[in-house]
Amino acid sequence: MPDDHSHCGHDCPDHPIDGALEILRAEGLRVTEPRKAMLTILAREHGPFSADELHKRMGKAGCDVVTIYRSLQAMEEVGVLRRCDFGDGVYRYEFNHGEHHHHHVICRVCRSVETLDVCVADSLERMARQKGYQKVTHTLEVFGVCPKCAE
Ligand SMILES: [Zn+2]
Ligand SMILES: [Zn+2]
Ligand SMILES: [Zn+2]
């Protein structure tokens, strides 16, 4: 399979899936075929996708949606996925390994989502680790009224 990182706008130094799988193994999570399929879809497409949306996309590689939901939670806890809360009650997940980390601004009126390719949470995570917390992650989304809706 050719490396295609054109979607993320970065020159990813390593193969994103391999790095994420290494983290799963290091954290004692099983590397199953459905988990590989989920990571492959999420590394290739921005999403972010809910468990239901991933279930539809996985096709033959799929498993039941409860297993997908649990796997997404487990992979989010070890930081290879990021959970996005756009304020509509649906949890969506996106790939979060290496250079694939960013945040979003969501329009309160039309619900459009734009990527913010910056993160300011490093110091917060460092402080949490200094306090002895492990498996530290963060969620942060920005909300506003987009230029089109503001006209
Ligand atoms: Zn809008
Ligand atoms: Zn995103
Ligand atoms: Zn961040």
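Residue numbers start at 1 and run along the sequence shown. Each ligand, and each atom within it, is numbered from 1 in the order the structure gives.
One finds the SG atom of Cys119 at 3.5 Å from the NE2 atom of His138 (value rounded to the nearest 0.5 Å). Between atom CG of residue Leu21 and atom OG1 of residue Thr40 there is a gap of 7.5 Å, rounded to the nearest 0.5 Å.
Atoms SG of Cys107 and SG of Cys110, as seen from the Zn ion (ligand 1), are separated by an angle of 110°, to the nearest 10°. Between His46 atom NE2 and His102 atom NE2, the angle centred on the Zn ion (ligand 2) amounts to 100° (nearest 10°). In this structure, SG of Cys146 and SG of Cys149 enclose an angle of 100° at the Zn ion (ligand 1), rounded to 10°.
Side-chain contact between Glu22 and His97: absent, with no pair of heavy atoms (C-beta onward) separated by less than 4.5 Å.
The Zn ion (ligand 2) lies at 2.8 Å or more from every N, O or S atom belonging to His103. One of the N, O or S atoms belonging to Cys119 lies under 2.8 Å away from the Zn ion (ligand 3).
Ring orientation note: the planes of His46 and His104 are tilted relative to one another, at an angle of 30° to 60°.
Under the 3.5 Å distance criterion, with hydrogens and angles disregarded, no donor-acceptor pair is assigned to the side chains of Arg83 and Thr139.
Its N, O or S atom nearest to the Zn ion (ligand 2) is what matters here, and for Glu94 that atom is OE1.
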